[in-house]
Amino acid sequence: MDKMRPETNCGAGPEQRSLRIWRGGSRWHRAVWLVTIALICLVISLFYLFSYQQMGEIYESETRVTIVELKKIFLKNTVDNLIVGLEATRQMEAERHQHVVDKRYESCLDGSLSCDEWIESLIEDIRPAGDGLQWSALIWREDGALLQDSLGVFEGGYQRCD
């Protein structure tokens, strides 16, 4: 038993075995290992690159959907606010015009104004105020004389059709 046995790797640990494979192997083995490692790295890199692109596309599409939804909500709220504002303005104008009509009616019934004074006060109410034309009216006497033409339709005169 004095024979010398060739050195074997049976009792070596895993680190020593991997070093022996790397250092002691032929160049062909090293090339195979390098190509295998390079392919694994390439596959992992491609996987991450593909995943990153997919996440970017999902993020873009979801962002686009969110922006469209926000625009829809904003537009709906804007239209609702405009409708509410128009309704409030319409109601205020209707109440103001009703007040003017009621005032004219009362002044006509109580007889405190003569016919010419009543017509002049009516013309004053109909004339355009600083905020624009509020009424469109034609007022003329029985003899055909034009007293008020708020739209300027009959500036050149008109003929009665009897």
Side-chain angles (χ1 to χ4, degrees), residues 14-15 18-19 21-22 29-162:
E15 296 100 19
S18 65
L19 282 176
I21 290 172
W22 181 250
H29 286 290
R30 282 186 205 162
V32 169
W33 276 103
L34 286 175
V35 169
T36 305
I37 290 171
L39 284 176
I40 290 172
C41 290
L42 181 66
V43 167
I44 290 172
S45 298
L46 290 175
F47 174 75
Y48 279 115
L49 180 63
F50 180 72
S51 297
Y52 184 73
Q53 286 175 342
Q54 291 296 321
M55 284 190 300
E57 290 173 7
I58 292 170
Y59 178 76
E60 252 182 61
S61 66
E62 291 300 316
T63 302
R64 189 174 294 117
V65 167
T66 303
I67 288 172
V68 168
E69 288 300 317
L70 286 174
K71 285 181 178 180
K72 284 180 184 178
I73 291 169
F74 179 75
L75 185 61
K76 181 186 178 301
N77 289 340
T78 301
V79 169
D80 288 344
N81 289 341
L82 284 173
I83 289 172
V84 167
L86 289 173
E87 287 294 320
T89 303
R90 186 193 60 78
Q91 183 66 29
M92 286 174 24
E93 286 292 314
E95 289 172 1
R96 188 170 67 80
H97 290 303
Q98 185 64 44
H99 176 71
V100 168
V101 168
D102 290 343
K103 187 174 82 172
R104 290 288 152 228
Y105 184 71
E106 289 172 8
S107 69
C108 184
L109 286 181
D110 71 3
S112 61
L113 297 175
S114 69
C115 185
D116 289 335
E117 291 172 334
W118 188 81
I119 289 174
E120 284 301 317
S121 67
L122 183 62
I123 289 172
E124 281 301 313
D125 285 337
I126 292 173
R127 281 205 179 117
D131 57 350
L133 185 64
Q134 298 190 6
W135 295 83
S136 58
L138 291 170
I139 302 176
W140 59 88
R141 288 194 300 239
E142 286 184 12
D143 65 356
L146 185 62
L147 298 175
Q148 174 65 26
D149 180 8
S150 61
L151 294 177
V153 176
F154 295 104
E155 288 179 354
Y158 69 98
Q159 294 179 351
R160 272 182 81 148
C161 300
D162 287 329

What distance do L82 atom CG and N77 atom CG have between them, rounded to the nearest 0.5 Å? 11.0 Å

To the nearest 0.5 Å, how far apart are OG1 in T63 and CD1 in I58? 11.5 Å

Separation of Y48 OH from M55 CE (nearest 0.5 Å): 10.0 Å

Between E95 and Q91: side-chain donor-acceptor atoms closer than 3.5 Å: yes

For the CG atom of L39 and the CG atom of L34, what is their distance to the nearest 0.5 Å? 11.0 Å

If you round to the nearest 0.5 Å, how far is CG of L49 from CG of L42? 10.5 Å

Taking it one step at a time, do E60 and E57 satisfy side chain to side chain contact (heavy atoms under 4.5 Å, CB included)? CA-CA 5 Å; E60 252 182 61; E57 290 173 7; 5.6 Å; no

Applying side-chain contact (heavy atoms from CB on, under 4.5 Å) between R96 and each of H99, E93, Q98, report the one that passes. E93

In Å, rounded to the nearest 0.5 Å, how long is the span from OH of Y52 to CZ of F47? 15.5 Å

